[in-house]
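Below is one structure, written out as structure tokens; comments come after it.
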Amino acid sequence: MIKRTLKVNGVERVVIVEKDTALATVLRESLGLTSVKIGCGTGQCGSCSVIVGGKLKRSCSLKMTRIEDYTEVITLEGIGTPQHLHPIQIAWMAHGGAQCGFCTPGFIVSTYALILSNPSPSREDIRDWFQKHRNACRCTGYKQLVDATMDAAAVMRGDMKVDELLFKMPEDGRIWGSKYPRPTAVAKVTGTLDYGADLGLKMPEGTLKCALVQAEVSHANIISIDTSEAEKMEGVVKVVTHKDVKGKNLITGLITFPTNKGDGWDRPILAEKKIFQFGDAIAIVCADTEKHAKAAAEKVVVKLEQLPEYMSAPAAMADDAIEIHPGTPNIYFEQKVAKGEESAPIFDKADAVIEDSFYVSRQPHMPIEPDVGFAYLDDDGKLCIHSKSIGLHLHAAMIAPGMGVEVENLIMVQNFAGGTFGYKFSPTMEALVGVACLATGKPVFLNYTWFQQQTYTGKRSPFFTTVRLAADKGGKLLSMETDWICDHGPYSEFGDLLTLRGAQFIGAGYNIDSIRGEGRTVCTNHAWGSAFRGYGSTEVEFASEVLMDELAEKLNMDPFDLRYKNIYREGSTTPTGQTPDVLSLEKIFDTARPHYDAAKKRVAAKSTDAIKHGVGIALGVYGSGLDGPDSAESEIELNEDGTVTMYACWHDHGQGADMGVLGTAHEALRPLKLAPEEIKLVMNDTRTCPNGGPAGGSRSQVVVGNSIIAACRALLDSMRKADGSFRSYDDMRKENKALRYSGVWTAPCTECDANGQGNPFACYMYGLFIMEVAVELATGKTSVEKATFVADIGKINNKLVVDGQMYGGIAQGIGLALSEDYEDIKKHSTMVGAGFPYIKQIPDDMELIYIETPRPEGSHGASGTGELPLTCPHGAIINAIYNASGARITKLPALPEKILAALKAKA
Ligand code: MCN
Ligand code: FES
Ligand code: FES
């Protein structure tokens with residue numbers, strides 16, 4: 001133990017701690033300064049940034065022994081508070097800099113240190129600074145953070161009035177379509193928003209800390225699990241294994257496809273007979289401290305019989321591969337697509353035929369906040385689980401039978417989440433803390449390390465896709481043949497749905513009258529496939545969008561013109577035979593054309609012998625909703641003081657569910673002339689909120705949004721008097737009118753049939769990506785220099801949110817195209833190792849152009865937005881690399897060595 005006196009935020013504080021404790025832990029746990037976030041825990045993300053002795057430091061990597069007495073430490077709490085916001089915090093709010101907000105405290109402290117050392121930084125200075133200090137953000141694409149820093153510096157220099165940054169309410173009192181800062185913004189920029197790990201520190205005394213015993217191989221039979229030594233370790237209360245689980249000990253994927261050859265009950269909560277993937281949980285040690293729990297976890301002895309590990313779909317599909325889930329074939333689901341006439345005769349006669357095969361990799365989600373959650377029994381004896389779940393009711397149904405709990409006795413609550421990007425469409429640790437709580441009868445808390453986050457949560461399912469296109473000599477598409485394989489890891493949940501996306505989105509955006517193809521879902525031993533932003537479109541539109549460029553070259557056409565010729569127009573149908581919700585692609589292309597032409601000129605002017613510049617385009621299309629009659633419910637209540645409360649499960653990854661609910665409800669309630677703060681939000685708790693469905697498929701603005709509007713209308717109808725004015729709360733009480741109203745909305749859609757035909761989505765999102773790249777010929781090193789995105793997502797609820805969604809999604813597309821992967825479990829288990837894009841990998845020059853075609857089925861005309869920016873930015877980048885250098889990359893990521901090899905092969 002050592003004693004240190006630190007001068008923290010201007011005040012002397014004494015701490016007595018073990019000498020190898022990290023400063024971040026001391027600030028959080030001994031001093032309660034939970035603005036200091038621990039993301040990676042290894043110096044790679046900057047979320048723990050504080051100023052130590054006048055220098056910016058990552059406090060997770062700073063041991064207390066290295067800190068001298070009376071060292072000055074500044075955390076975000078010392079920079080500004082909710083009542084006294086610092087200009088940097090105000091600028092962050094004004095520019096929508098905090099999405100999930102997990103990186104925000106670290107960024108703001110970093111910005112503060114930057115401006116102290118350089119009061120007039122240029123944009124490049126700011127980018128250099130964030131790069132050097134490893135401030136990582138997964139949500140924003142960084143642009144709004146640089147904008148905010150520029151403005152904050154201007155205010156601090158006295159060149160700008162802080163007032164210019166404050167939101168001004170428009171005269172008509174309308175916030176729909178504005179830049180109103182999201183309700184959680186103040187808490188996020190001041191570091192006062194509690195995420196799961198922060199709440200963990202505030203759990204009652206006696207809360208047990210959990211540590212997992214996990215598999216370190218990817219496929220094995222379990223011979224024995226010996227917990228006897230671990231049980232004797234200091235502080236251990238219980239070592240929970242499969243024997244302690246009262247239910248089926250399985251998580252169900254709730255499969256709805258009768259043709260699935262599995263039954264969906266294939267993911268154990270705690271491994272019993274087999275290890276299916278690296279990281280599978282075998283036991284949970286529950287102890288008084290995390291340190292004791294982890295020490296005891298080391299003592300659990302697991303004997304295994306190693307089995308062959310099938311780490312990709314082709315390996316698991318080989319004739320001699322054994323069944324990973326005995327009794328279920330490794331290829332467990334097939335989906336056909338058959339639209340219009342047979343393809344073969346058309347291909348025989350076509351002027352031009354082109355074919356290629358593509359691979360989209362196992363992209364890791366890489367939220368900065370690792371997975372975290374806790375469970376306890378409430379006073380009614382109900383099991384309450386708090387986690388990052390973005391589908392509370394869905395997850396309750398998936399995990400309750402496995403734990404042996406009735407769904408009615410299970411309460412699920414979402415903690416504020418530091419980003420999920422879809423991995424939390426699957427339950428992760430919910431059932432683990434659930435069974436640990438039931439086995440011990442005590443509250444339990446589990447916080448993954450970033451290594452566990454990376455190795456033991458779902459990943460994007462890699463797709464192997466082959467596409468053939470037939471066209472006439474003018475470039476009109478005549479037919480398409482497709483074949484796709486989805487490597488979904490060992491657990492089947494939502495793998496069939498994902499495979500269906502191949503039928504729905506290969507070739508999306510183009511009118512193709514004849515389509516034939518087939519996709520398969522394959523069980524493997526690599527990381528289980530969970531949803532990832534773009535879900536299917538990202539994987540398969542890459543194939544059709546790169547092939548469109550190959551076809552354009554064959555026809556000697558500009559890729560823009562080939563696309564323009566084939567986009568949806570009057571009479572067109574989607575690959576599923578659906579009439580598009582709106583016909584805006586022509587307008588998107590017409591708007592984009594001058595930008596594309598300018599880009600072509602720019603890249604031509606910039607190219608040198610050593611560095612080649614190029615431009616590429618790709619079309620992105622995706623549905624907003626889950627397939628078929630997707631539905632949601634929300635409720636509204638009129639309060640005594642004339643305010644209202646919205647009850648909604650619009651789960652928040654960090655995208656801005658709070659703003660989604662507020663903006664939508666405020667617009668629907670405009671007749672009441674309520675100020676935004678008069679609409680209270682109660683969200684994401686199954687005890688208090690009805691089922692809104694999961695926040696996947698960019699569905700919430702459309703589906704939950706429409707249910708909010710329905711609830712608001714029901715209240716307005718009840719409050720409206722004959723003369724058109726509205727009853728007060730007292731009037732309502734006097735007239736015995738209900739105060740709480742429910743709104744339900746169901747999409748007027750049909751699921752796709754065995755041929756992939758149907759009307760699956762009520763609203764679609766459309767966009768054209770124009771990417772400009774530079775390729776260094778000697779090294780293959782590629783950088784994206786400019787991104788332009790022309791998008792139609794219908795009417796916009798909140799401009800700050802939508803801009804942020806676009807920048808952030810495009811940044812993830814750049815990562816997917818050039819660096820990110822999770823294939824090599826060891827190498828790709830850190831942020832740096834997995835190719836996380838820091839600021840210098842993302843261009844500062846990103847231009848967003850919106851075409852707001854109102855959607856007939858949208859909420860106030862809005863379609864979704866979350867996934868559109870990750871549908872196909874990578875396709876445009878790969879096309880740009882070819883345009884620049886002649887290197888055609890078909891398998892992601894396009895690492896420099898792959899580009900070099902392609903250049904050599906071409907030479
Ligand atoms: N919005 C808007 N105007 C529109 C459409 C949407 O202002 N016309 C706003 C909505 O109010 C909402 C946001 O944009 O705040 C996204 O809306 P929507 O597209 O309906 O998607 P969801 O709210 O259902 O969010 C989920 C979606 C998905 S599926 C993933 S994955 C995702 C994403 O959004 N993960 C994210 N965005 C993310 N952003 C962050 N920061 N972190 C994640 O993990
Ligand atoms: Fe400290 Fe990531 S750098 S938590
Ligand atoms: Fe930066 Fe989410 S806002 S990681």
Side-chain angles (χ1 to χ4, degrees), residues 22 24 36-49 57-62 96-104 106-107 133-142 144-145 176-177 182 188 365-370 388 390 417-425 450 531-535 622 624-625 650-664 692-705 763 765 792-805 808-809 812 831 850 852 855 858-870:
V36 181
K37 303 295 177 206
I38 298 186
C40 68
T42 55
Q44 299 190 358
C45 76
S47 66
C48 61
S49 298
K57 296 278 178 195
R58 276 156 272 159
S59 58
C60 70
S61 312
L62 210 54
Q99 287 190 33
C100 79
F102 196 81
C103 71
T104 304
F107 262 100
H133 292 283
R134 285 217 191 280
N135 287 111
C137 176
R138 188 61 163 160
C139 299
T140 62
Y142 303 103
Q144 289 162 308
L145 309 186
W176 178 264
R182 65 181 71 192
K188 284 173 179 166
H365 302 71
M366 298 196 279
I368 311 285
E369 181 202 38
K388 292 176 73 176
I390 54 101
T420 98
F421 311 104
Y423 90 86
K424 282 302 307 177
F425 199 93
W450 207 87
F532 194 143
R533 195 176 196 175
Y535 194 64
Y622 201 47
S624 298
W650 183 329
H651 304 91
D652 207 343
H653 304 245
Q655 81 278 22
D658 53 341
M659 193 61 236
V661 177
L662 180 64
T664 311
S698 305
R699 65 184 282 283
S700 306
Q701 183 64 59
V702 173
V703 186
V704 187
C763 297
M765 314 171 267
D792 183 359
I793 54 160
K795 301 306 279 181
I796 290 175
N797 173 350
N798 185 275
K799 187 73 184 354
L800 285 180
V801 168
V802 168
D803 282 354
Q805 288 297 291
Q812 292 182 329
M831 286 175 66
Y850 300 105
E852 292 188 61
R855 295 302 196 275
S859 53
H860 307 304
S863 187
T865 195
E867 289 163 291
L868 178 68
L870 193 47

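Just so you know, residue 1 is the first one in the sequence shown, and it goes up from there. Counting convention: from 1, in listed order, for ligands and their atoms alike. No hydrogens, no waters, no symmetry mates; every other heavy atom, side chains included, goes into these values.
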Considering non-hydrogen atoms only, spot the tightest contact between [X] and [Y] and give its length.
X: I793; Y: M765; answer: CG2-CB, 4.3 Å
X: C60; Y: A22; answer: O-CB, 3.4 Å
X: Y142; Y: A136; answer: OH-CA, 3.7 Å
X: G419; Y: C100; answer: N-CB, 3.4 Å
X: H365; Y: T420; answer: CD2-O, 3.5 Å

* Sole candidate of Q655, E867, Q805 that passes side-chain hydrogen bond (donor to acceptor under 3.5 Å, both in side chains) when paired with R533 ->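 Result for side-chain hydrogen bond (donor to acceptor under 3.5 Å, both in side chains) with R533: Q805.
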
* Are the side chains of C137 and L145 in touch, meaning some heavy atoms are under 4.5 Å apart? ->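 With C-beta onward as the side chain, the pair touches.
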
Closest approach of any protein heavy atom to [atom], naming residue and atom:
atom: atom 3 (N) of ligand 1; value: N797 N, 3.0 Å
atom: atom 11 (O) of ligand 1; value: Q701 OE1, 2.7 Å
atom: atom 14 (O) of ligand 1; value: T865 CG2, 3.2 Å
atom: atom 8 (N) of ligand 1; value: K795 O, 2.8 Å
atom: atom 27 (C) of ligand 1; value: G866 CA, 4.0 Å
atom: atom 39 (N) of ligand 1; value: Q805 NE2, 3.1 Å
atom: atom 24 (O) of ligand 1; value: S700 OG, 2.6 Å
atom: atom 15 (O) of ligand 1; value: G656 O, 2.8 Å

Atoms in ligand 1 with a heavy atom of [X] nearer than 4.0 Å:
X: G660; answer: 11 (O)
X: G696; answer: 29 (S)
X: V801; answer: 9 (C), 13 (C), 14 (O), 15 (O)
X: G654; answer: 40 (C), 41 (N)
X: V802; answer: 1 (N), 2 (C), 3 (N), 7 (O)
X: T420; answer: 44 (O)
X: A862; answer: 8 (N)
X: G697; answer: 29 (S)

* Atom pair CZ/OG of R58 and S47 - distance to nearest 0.5 Å ->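 R58 atom CZ to S47 atom OG measures 10.5 Å (nearest 0.5 Å).
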
* **Pairwise distance CZ(R138) to CD(E369) - rounded to 0.5 angstrom** =>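 Rounded to the nearest 0.5 Å, the CZ-CD separation comes to 14.5 Å.
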
* F421, any N or O under 3.5 Å of ligand 1 N or O ->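 Yes, F421 has an N/O under 3.5 Å of an N/O on ligand 1.
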
* Does E867, backbone or side chain, put an N or O under 3.5 Å from an N or O of ligand 1? ->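 So ligand 1 has no N or O lying under 3.5 Å from an N or O of E867.
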
Looking at ligand 1, would [X] count as a contact under a 4.0 Å heavy-atom criterion?
X: W650; result: yes
X: R699; result: yes
X: G808; result: no

* **Option nearest atom 3 (S) of ligand 2 (shortest heavy-atom distance, choices A24, G46, G39)** =>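 Result: the heavy atom closest to atom 3 (S) of ligand 2 is in G46.
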
* Would Q701 and S624 count as having a side-chain donor-acceptor pair, cut-off 3.5 Å? ->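 Judged by distance alone, the side chains do not pair up.
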
* Sub-4.0 Å heavy-atom contact, I368 with ligand 3 ->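 So I368 counts as touching ligand 3.
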
Ligand-side contact atoms (ligand 2) for residue partner [X], heavy atom cut-off under 4.0 Å:
X: S47; result: 4 (S)
X: G43; result: 3 (S)
X: C40; result: 2 (Fe), 3 (S), 4 (S)
X: R58; result: 3 (S)
X: G41; result: 2 (Fe), 4 (S)

* Asked: Checking only N/O/S atoms, does C139 have one that is under 2.8 Å from atom 1 (Fe) of ligand 3?
  ->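 Checking C139: none of its N, O or S atoms is under 2.8 Å.
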
* Asked: Salt bridge or not for D658 and K188, using N-O below 4.0 Å?
  ->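 No, D658 and K188 are not salt-bridged.
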
* Residue C60, metal atom 2 (Fe) of ligand 2, N/O/S under 2.8 Å ->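 No, since none of the N, O or S atoms of C60 sits under 2.8 Å from atom 2 (Fe) of ligand 2.
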
* Asked: How about C45: does one of its N, O or S atoms come closer than 2.8 Å to atom 2 (Fe) of ligand 2?
  ->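 An N, O or S atom of C45 is closer than 2.8 Å to atom 2 (Fe) of ligand 2, so yes.
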
Any atoms of ligand 3 less than 4.0 Å from a non-hydrogen atom of [X]? List them with their elements.
X: C103; value: 1 (Fe), 3 (S), 4 (S)
X: R138; value: 4 (S)
X: G101; value: 2 (Fe), 3 (S)
X: C100; value: 2 (Fe), 3 (S), 4 (S)

* Asked: Counting heavy atoms only, which part of R134 comes closer than 4.0 Å to ligand 2: side chain, backbone, both or neither?
  ->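 It is neither part, as no heavy atom is under 4.0 Å.
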
* **Trace of the side-chain hydrogen bond (donor to acceptor under 3.5 Å, both in side chains) decision for Y423 with K388** => CA-CA 10 Å; Y423 90 86; K388 292 176 73 176; 3.2 Å; yes

* Please work out whether any backbone atom (N, CA, C, O) or any side-chain heavy atom from C-beta onward of S863 is under 4.0 Å from ligand 1, and answer side chain, backbone, both or neither. =>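 For S863, the contact with ligand 1 is made by the backbone alone.
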
* Decide if the gap between the ring center of H653 and the ring center of F421 is smaller than 6.0 angstrom. =>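 For H653 and F421, the ring centres are not under 6.0 Å apart.
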
